[in-house]
Amino acid sequence: MLSTRPPSAGQWRRPARRSLWAVGMLLIACVAALVTPMASADPGSGTPPVQSIGVDSRDTGRVFDGIGAISGGGGTSRLLVDYPKRRRDQILDYLFKPGYGASLQILKVEIGSDTNSSNGAEPSHMRTPTDVNCNRGYEWWLMEQAQRRNPQIQFYGLEWGAPGWFNGGFWSTDNVDYLMQWLGCAKKHHLDINYLGGWNEKGWDAAWYGKLKAALVKNGYDGVKVVAADNAGWQVATDMKNDQAFAKAVDVVGIHYPCSEIHCSSSPDALGLDKPLFASESGWNNYLTGAPRLAAEMNHEYVDSRITGFINWPVAYAWYPTVQMQGSGLLRANEPWSGHYELGPTLWTIAQTAQFARPGWRYTDSASGYLDGGGTYVTLQSPGKRPAYTTVFETTAATAPQTVAVTPAGHLPRGALHRWSTTLRSTDPADWFVHGADVDPGARGSHTVTLQPGTVTTLTTMPGGKGPAVKTAPPSKTMALPYRDTFDGYRDGVTPRYLSDMEGAFETAPCSVAPEAAPGSRGTGRCLQQAITAQPIKWSKVPSPLTLAGDSQWTDYTVSAKVMIRRSGTASLLGRVVNQLNSVGPGHDNVWEGYYLKLSDAGTWSLEAVMPDKTTRILAHGDLPSAATDTWHRFALGFSGERITATVDGTRVAEVTDTTYDHGQVGLGLGSYSASQFDDIAVAPEVSR
């Protein structure tokens, strides 16, 4: 079963069919509201009644498993790594430092496979049966940074794609061994993995999960909880109900995007398993505009469905804006050259719950439900004889203010409650995560507050905090030209600064042949080599290796690079790249709009434009004096207004005019999985005629 992404923000409130269980829960809540004592208003006063909410320490529900986010789905955190350290530390504090910003409690990371998984490709730790490299990629670094800020944070690993060398495909013993090696790498980085999944949104194999569980126990990882199946829909729970071996192997039922409209689904089979239920990928909200949907979703997932773990995709919008799903995340951090980053109400909506509850707390079912005037509320309390407690209200469905009175009972503290609130649609940072006056108990011990529409409000006995305003972040600016990278200043096997792989792995390596030497001579210095020579087990359909670099706002410039094609195929130099295209036909899925100068191993060249309507136009083509394979060539694309020039080995081979694109970033591509090399990529400003 292949799941799909959730509806767009514009589709969020379209009518959707609710499950019978969700409707039943709604009816129960309505009946409960009718019998709940109300502090009635004086008849004829026009003042709405006060909704009373009793919070009793003796009444608990399911265990709260935490609030998290995902670094994965292909390079979603890629540009964060390249930020100057000071700015990068500020961003990481806002994401992971408790009592400061989002205060994330779970970090879910992609187990890289060198293949595109939505927004890029992440490096694999094991590219052959005998190759184990525990330092590839940046997810180890990100987990270490998260753990440094929050030693209690929990980690969750999941595959999107896989290396092509597995005997038997994805659901193979080779993959189980691959995951054991990944856990071994985590141990070398002093990271304890808490959760491990199967194949992101590609169905499941019940017997494979049994093999995975057995391998975890055998290799001393019995504390790692297995999650199934990271797909949409609850059919996996029914399969577990009917397959006891499958159920025994799985610790957590993980579902993607369980909400539609403003209600979230579950199923009797899922609830009957007596296992934690996770929204193991949810959210997909814009960092500036997605807060209303996020606030509703987080509460509704428990009130409607008894989901106890929420994991937002993604953690940050830290990829180039030419790549799809722009703006998604808890913050924006995709300008490492300027150091600019932006927060929004989405991050603070996460903070409204994550700062004031901890994994291991329990929900209070009698104090979690639907607000009379529209919206929901959930209450969580800590274990112990003197529990702390937190109630989170969201009023996204409200049209007028409403008043609630929260009354603690049992062993709960009776003192004042701290109040924090976020106006979800506000663009003013002064309206995000505002610490209001403490709410004292009234004569009857009730804490009474008025909730405004379109807000999330937290009443809590717990302390909270807000990091300093981001007025210190540098302003946004276009990346300065000229830009150049010779790759000689890196160690081997790393992704150079500002390069973001969309498919394959473009890494530094010794030049196999010197770019300036005669064919056959040994190289000196380092080049950029595409490292993947066998097609991986793919998740998406990007057809062949490609990497992007630079600023999408660049306009008039000349981009050039040296290239040596190994084996057969083509090499491409990209310019004025503006946007990712999806599903553009066989052999051309997930390519990028822009201009391509292509050289083939046979010695031909072509200048092409990939169009917004998903077609390709040949602007010019011709032959080189000799074959291009195993020989260094320098090719260049120049842009000056509508004029486009193509140059190969110092000879201008084409000059055309085209008005399709007037700005965009640059890139390098290959037509096949070969160990071809590039060197000395340069982008120089072009003076318009």
Side-chain angles (χ1 to χ4, degrees), residues 1-3 19 21 62-63 65-66 106 108 110-111 113 126 129 154-163 166-184 186-187 192-258 265-281 305-309 311 359 537 539:
M1 180 177 65
L2 174 63
S3 74
S19 69
W21 186 87
R62 290 193 166 218
V63 173
D65 291 294
I106 302 170
K108 181 176 178 179
E110 178 171 353
I111 300 172
S113 57
M126 195 174 178
Q154 300 178 71
F155 297 119
Y156 179 162
L158 179 68
E159 294 174 278
W160 271 250
F166 290 177
N167 182 14
F170 187 92
W171 304 112
S172 63
T173 301
D174 278 349
N175 195 12
V176 173
D177 295 340
Y178 181 75
L179 293 174
M180 295 306 107
Q181 293 286 357
W182 186 81
L183 291 172
K187 183 181 292 186
D192 292 327
I193 305 301
N194 304 89
Y195 302 100
L196 191 63
W199 197 355
N200 182 78
E201 298 179 354
K202 293 289 186 181
W204 56 88
D205 182 307
W208 183 87
Y209 280 93
K211 294 175 183 177
L212 175 62
K213 189 69 169 183
L216 289 170
V217 173
K218 178 181 177 181
N219 288 277
Y221 298 116
D222 46 306
V224 178
K225 297 178 181 178
V226 174
V227 184
D230 281 293
N231 280 251
W234 295 97
Q235 179 61 42
V236 66
T238 301
D239 286 6
M240 288 184 214
K241 174 188 174 183
N242 297 327
D243 184 339
Q244 291 303 305
F246 188 19
K248 185 176 180 180
V250 174
D251 302 288
V252 177
V253 181
I255 301 300
H256 287 195
Y257 303 103
S265 69
S266 185
S267 75
D269 288 344
L271 292 166
L273 289 173
D274 196 27
K275 297 180 186 291
L277 309 180
F278 280 19
S280 55
E281 181 177 324
S305 310
R306 293 304 187 254
I307 291 171
T308 57
I311 304 179
I537 298 172
W539 188 83

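Excluded from the calculations below are hydrogen atoms, water molecules and symmetry mates; all remaining heavy atoms, backbone and side chain alike, are included.
- Listed by chain and number, the residues in a side-chain hydrogen bond (donor to acceptor under 3.5 Å, both in side chains) with Tyr221 amount to none (sequence neighbours excluded).
- Side chains of Lys108 and Asp230 form a contact here, defined as non-hydrogen atoms less than 4.5 Å apart.
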- Take Lys225 and Asp65 through the test salt bridge (Lys or Arg N to Asp or Glu O under 4.0 Å) and record every step on the way to the result. CA-CA 12 Å; Lys225 297 178 181 178; Asp65 291 294; 5.5 Å; no
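- At least one side-chain heavy atom of Glu201 sits less than 4.5 Å from a side-chain heavy atom of Glu281.
- Rounding to the nearest 0.5 Å places OH of Tyr178 at 6.0 Å from CD of Glu159.
- Ring-plane geometry between Trp199 and Trp171 is classed as perpendicular, the angle between the planes exceeding 60 degrees on a 0 to 90 degree scale with a lower cut at 30.
- Considering every non-hydrogen atom in both Ala162 and Phe170, the closest pair reads CB-CD1, 3.9 Å.
- The two residues Gly254 and Ser280 come nearest to each other via the heavy atoms C-OG, 3.3 Å.
- Nearest heavy atom pair, residue Val226 against residue Ala249, reads CB-O, 3.4 Å.
- One distance of note links CG of Leu196 with CG of Asp251; it measures 10.5 Å at 0.5 Å rounding.
- Checked against side-chain hydrogen bond (donor to acceptor under 3.5 Å, both in side chains), Thr173 has no partners two or more places apart in sequence or in another chain.
- Between Pro258 and Ile307, some side-chain heavy-atom pair lies under the 4.5 Å cut-off.
- In this structure, the side chains of Ser113 and Trp160 stay at 4.5 Å or more apart for every pair of heavy atoms.
- Nearest approach of Trp208 to Gly198, heavy atoms of both residues: CZ3-CA, 3.9 Å.
- Residues meeting the side-chain hydrogen bond (donor to acceptor under 3.5 Å, both in side chains) test with Asp269, sequence neighbours left out: Thr238, Lys241.
- Other residues, nucleotides and ligands contribute more than 12 heavy atoms inside 6.0 Å of the CG atom of Asn242.
- Taking both residues in full, the closest heavy atoms of Ala229 and Val236 are given as CB-CG2, 3.9 Å, listed atom of the first, atom of the second, then distance.
- Using a 4.5 Å cut-off on side-chain heavy atoms (C-beta onward), Arg62 and Leu277 make contact.
- Residues passing the side-chain hydrogen bond (donor to acceptor under 3.5 Å, both in side chains) test with Asp239, sequence neighbours excluded: Trp204, Gln235.
- Between the side chain of Trp539 and the main chain of Asn200, a donor-acceptor pair closer than 3.5 Å is present.
- Taking NZ of Lys202 as the reference point, atom CG of Asn231 lies at 10.0 Å (rounded to 0.5 Å).
- For the pair Asp222 and Lys213, the minimum side-chain heavy-atom distance is 4.5 Å or more.
- With sequence neighbours left out, Tyr156 forms a ring-ring contact (aromatic ring centres under 6.0 Å, His included) with Tyr195.
- Taking 4.5 Å as the limit, some side-chain heavy atom of Gln154 sits within range of a side-chain heavy atom of Pro359.
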- Message: Under the criterion side-chain contact (heavy atoms from CB on, under 4.5 Å), I'd like the reasoning laid out for Leu216 against Met180: C-alpha separation, chi angles, the key distance, then a yes or no.
- Response: CA-CA 7 Å; Leu216 289 170; Met180 295 306 107; 3.6 Å; yes
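- When each of Leu179, Val217, Val250 is checked for a side chain to side chain contact (heavy atoms under 4.5 Å, CB included) with Leu212, only Leu179 meets the rule.
- With sequence neighbours excluded, the residues satisfying side chain to side chain contact (heavy atoms under 4.5 Å, CB included) with Ser172 are Phe166, Asp174, Asn175.
- Side-chain contact check for Pro163 versus Met126: every heavy-atom pair is 4.5 Å or farther apart.
- Nearest heavy atom pair, residue Met240 against residue Val253, reads CE-CG2, 4.0 Å.
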